[in-house]
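Chain letters run A, B, ... following the sequence lines, proteins first, then strands; residues in each count from 1. Nothing here was measured: the structure is a model prediction, and the numbers come from that model. When reading the values below, keep in mind they use all heavy atoms of this one structure, side chains included, and skip hydrogens, waters and symmetry mates.
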Amino acid sequence: AQTVTQSQPEMSVQEAETVTLSCTYDTSESDYYLFWYKQPPSRQMILVIRQEAYKQQNATENRFSVNFQKAAKSFSLKISDSQLGDAAMYFCAYRSRRGSNYKLTFGKGTLLTVNP
Amino acid sequence: SAVISQKPSRDICQRGTSLTIQCQVDSQVTMMFWYRQQPGQSLTLIATANQGSEATYESGFVIDKFPISRPNLTFSTLTVSNMSPEDSSIYLCSFSGDGKQDTQYFGPGTRLTVL
């Protein structure tokens, strides 16, 4: 079974600075998807970024980028120019591409605080 | 992209009762999912709901406790039956199929407290 590990329960960053959230995963598969979701206090899960394992290029969405290291099974999220609205719980998630297995497996999350 | 909503947004219920949570998407989607997020925890998939077939439940979740309906391609319900305080959680629905089969988009969640 796949597992996702987020080793940082909490992180903090100053406004306008850069922060990196860590995620590692364990799988025997070669083709899969990885995601970062954010969950603000409103509790809605919002997709931040997605990465397809067969693509070597790291995904980027505006101020959010990932460092995808397939051999190391590492998928970190970098937030540049942090804003107060970035404060949230961030979850890393894995999804297999095999067959009809659409299940998302989530890490335990990292609570990000942004200090003004 | 499609908009997803859930009702109710929160509820407080007595033990032994049941609550039905509704999930509505404003366009037709292939697959819908129900997750549970216990206090301070991550999300765990309860079941996958496909239109026209029985829901597929994950290990540890059973149909008698969490019956699910999927009458059409825009709507699903999850019932939490015979509730106990351990059922106090946030319940979230999600969908895939809005042009990107591989990505799930989530509703705002239902916060359930069982007394």
> Say you draw a straight line from OG1 of B/T103 to OH of A/Y33; how long is it, rounded to the nearest 0.5 Å?
Replying inline: 7.5 Å
>> Please say yes or no: joined through hydrophobic side-chain contacts below 4.5 Å, possibly via intermediate residues, are A/F91 and A/V48 part of one cluster?
In response: no
> Contact part of B/S9 toward chain A, heavy-atom cut-off under 4.5 Å: side chain, backbone, both or neither?
Replying inline: both
> Counting heavy atoms not belonging to A/K78, are there more than 12 under 6.0 Å from its NZ?
Replying inline: no
> Roughly how far, to the nearest 0.5 Å, is CD of B/E58 from NZ of A/K103?
Replying inline: 4.5 Å
> Transitively linked via ILVMFWY side-chain contacts under 4.5 Å: B/I46 with B/V29?
Replying inline: no
> Got A/R43 and B/R10 here, is their nearest side-chain heavy-atom distance under 4.5 Å?
Replying inline: yes
>> For a 4.5 angstrom cut-off between non-hydrogen side-chain atoms, does A/Q39 reach B/Q37?
In response: yes
> For chain A, which residues from residues 66-83 of chain B lie under 4.5 Å away (heavy-atom distances)?
Replying inline: none
> Is any side-chain heavy atom of A/L104 less than 4.5 Å from a side-chain heavy atom of B/Y35?
Replying inline: yes
> For chain A, which residues from residues 107-115 of chain B have at least one heavy atom closer than 4.5 Å to it?
Replying inline: B/G107, B/P108, B/G109, B/T110, B/R111
> Is the count of non-hydrogen atoms from other residues, nucleotides or ligands lying under 6.0 Å from B/K65 atom NZ greater than 12?
Replying inline: yes
>> Quick one, B/Q104 with A/Y37, criterion side-chain contact (heavy atoms from CB on, under 4.5 Å). Give me CA distance, side-chain angles, the key distance, then yes/no.
In response: CA-CA 10 Å; B/Q104 290 184 29; A/Y37 286 88; 3.8 Å; yes
>> Please verify the inter-ring angle class for B/F33 with A/Y102; under 30° counts as parallel, over 60° as perpendicular, anything in between as tilted.
In response: tilted
>> According to a hydrophobic-cluster definition based on side-chain heavy atoms being under 4.5 Å apart (Ile, Leu, Val, Met, Phe, Trp, Tyr only), do A/I79 and A/L34 belong together?
In response: yes
> Going only through I, L, V, M, F, W and Y residues with side-chain contacts under 4.5 Å, is there a path from B/Y105 to B/W34?
Replying inline: no
> For the residue pair B/S42 and A/G107, what are the closest heavy atoms and their distance?
Replying inline: OG-O, 2.5 Å
>> Between B/L43 and chain A, with a heavy-atom cut-off of 4.5 Å, which part of the residue counts as in contact: side chain, backbone, both or neither?
In response: both
> Under a 4.5 Å side-chain heavy-atom rule over Ile, Leu, Val, Met, Phe, Trp and Tyr, are B/L19 and B/L92 clustered together?
Replying inline: no
